[in-house]
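Step one of this worksheet: look at the structure below.
Both ligands and their constituent atoms are indexed starting at 1 by order of listing. For the single chain, residues carry numbers from 1 onward in sequence order. What you see is a predicted model, and the numbers here were worked out from it, not measured in a lab.
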Amino acid sequence: MIKYQKTKTLVTKDNNNSANCIAPNLIYGCFGGCVDTYCYMSRYNGHRVFVNENVNEIFESVVEWEKSYTKVPDQQDPIYTMVDVACNTDLVLMQRHVPGGLINYLKMYDDHSQLNTTMATKYPKLLKLDVNHFNKPPRVRVSLMPQKYSNVLEPNMQLIGSRISDVKRLQELGWEVHLNYSPLVFYPGWKEEYDELFAEVKAAVKDDIKCEVIALTNHRNQMARASPEAYELMKRSYEIKNSSGVMRYPLQHKSRLLAEFKLLYANYFKLNTIRYIF
Ligand code: SF4
């Protein structure tokens with residue numbers, strides 16, 4: 001069930017990963033198949049979905065934040081200040097439920113001289129917005145993982161091969177498409193799985209497509225809800241990282257595993273197409 005409200009949490013937050021900042025939530029919550037496995041948002045929210053109707057105030061919060069921000073060329077973007085507008089949901093839910101329409105919300109940023117938008121999706125086939133008339137292409141990050149892991153961690157979501165084949169269509173609709181190999185799953189046999197995935201991506205997209213990579217993290221709230229199969233795939237990410245109980249792959253293994261991931265990636269793509277990895 002969706003609850004419509006006006007958010008009072010009009011705070012734009014600094015970010016240094018996918019974006020330069022994260023806009024206040026227009027939507028908080030999701031119906032994705034990963035809600036009971038690795039989703040950060042669901043750690044504290046579970047299955048609730050809130051739609052915030054004060055769109056103009058949310059946008060104004062970002063505009064105010066930008067006034068005291070100095071953009072320098074960085075991995076997020078060489079020119080524009082990137083705003084993650086769908087941090088706690090999937091873009092496709094934004095497309096369906098943003099009051100006034102997602103395209104009008106994105107155009108507000110497009111009409112700003114410095115701001116641009118970025119958002120992630122695991123349902124690229126449902127994204128139909130043509131943004132060819134925009135001043136600067138908004139960015140969509142298509143999330144990928146080996147199909148074998150997706151079957152368990154993201155049940156009933158768009159198949160990985162189908163997501164890959166949507167990249168070209170979205171580029172033709174005017175989007176800047178990046179890939180998002182997150183969460184990166186280390187499990188016995190992972191190299192063979194990712195090798196197969198990279199080969200599939202290589203055959204379908206230009207090799208200068210950019211990507212971001214975040215190794216799987218975990219939380220006891222998620223482990224409590226995970227299916228036995230998901231639990232098995234996630235349990236190696238168990239080292240407590242901070243006081244809120246977030247867990248990661250043990251550092252003594254993680255840096256080696258990330259180096260091995262990069263070596264594998266470099267067999268197919270230029271290493272400098274990885275915007276960030278951790
Ligand atoms: S699609 Fe994203 S926001 Fe939705 S449940 Fe999955 S990880 Fe969470």
Open item on the list: One pair to check against side chain to side chain donor-acceptor pair (under 3.5 Å): E66 and T81. What are the steps and the verdict?
Closed with: CA-CA 8 Å; E66 194 274 334; T81 303; 4.6 Å; no
Task: Subset of ligand 1 atoms that lie under 4.0 Å from at least one heavy atom of C30 - done: 1 (S), 3 (S), 4 (Fe), 5 (S)
Open item on the list: Side chain, backbone, both or neither: which applies to K122 and ligand 1 if a contact is any heavy-atom pair less than 4.0 Å apart?
Closed with: side chain
Open item on the list: Between C34 and atom 6 (Fe) of ligand 1, is there a contact where an N/O/S atom of the residue lies under 2.8 Å from the metal?
Closed with: yes
Open item on the list: Suppose I only count heavy atoms of T89 and a 4.0 Å limit; which atoms of ligand 1 are within that range?
Closed with: 3 (S)
Open item on the list: Using 30° and 60° as the class boundaries, would you call the ring planes of W190 and Y194 parallel, tilted or perpendicular?
Closed with: perpendicular
- [ ] Classify the angle between the aromatic ring planes of F278 and Y276 as parallel (below 30°), tilted (30 to 60°) or perpendicular (above 60°).
- [x] parallel
Task: Passing option when Y181 is tested against Y268, F269, F198 for ring-ring contact (aromatic ring centres under 6.0 Å, His included) - done: F198
Task: Cationic tip of K136 above Y80 ring, under 6.0 Å, 45° of axis - done: yes
Open item on the list: I want to confirm something. Looking only at heavy atoms, which of L91, V35, I27 is nearest to atom 5 (S) of ligand 1?
Closed with: V35
- [ ] Look at the N, O or S atoms of C39, main chain and side chain alike, and state whether any lies under 2.8 Å from atom 8 (Fe) of ligand 1.
- [x] yes
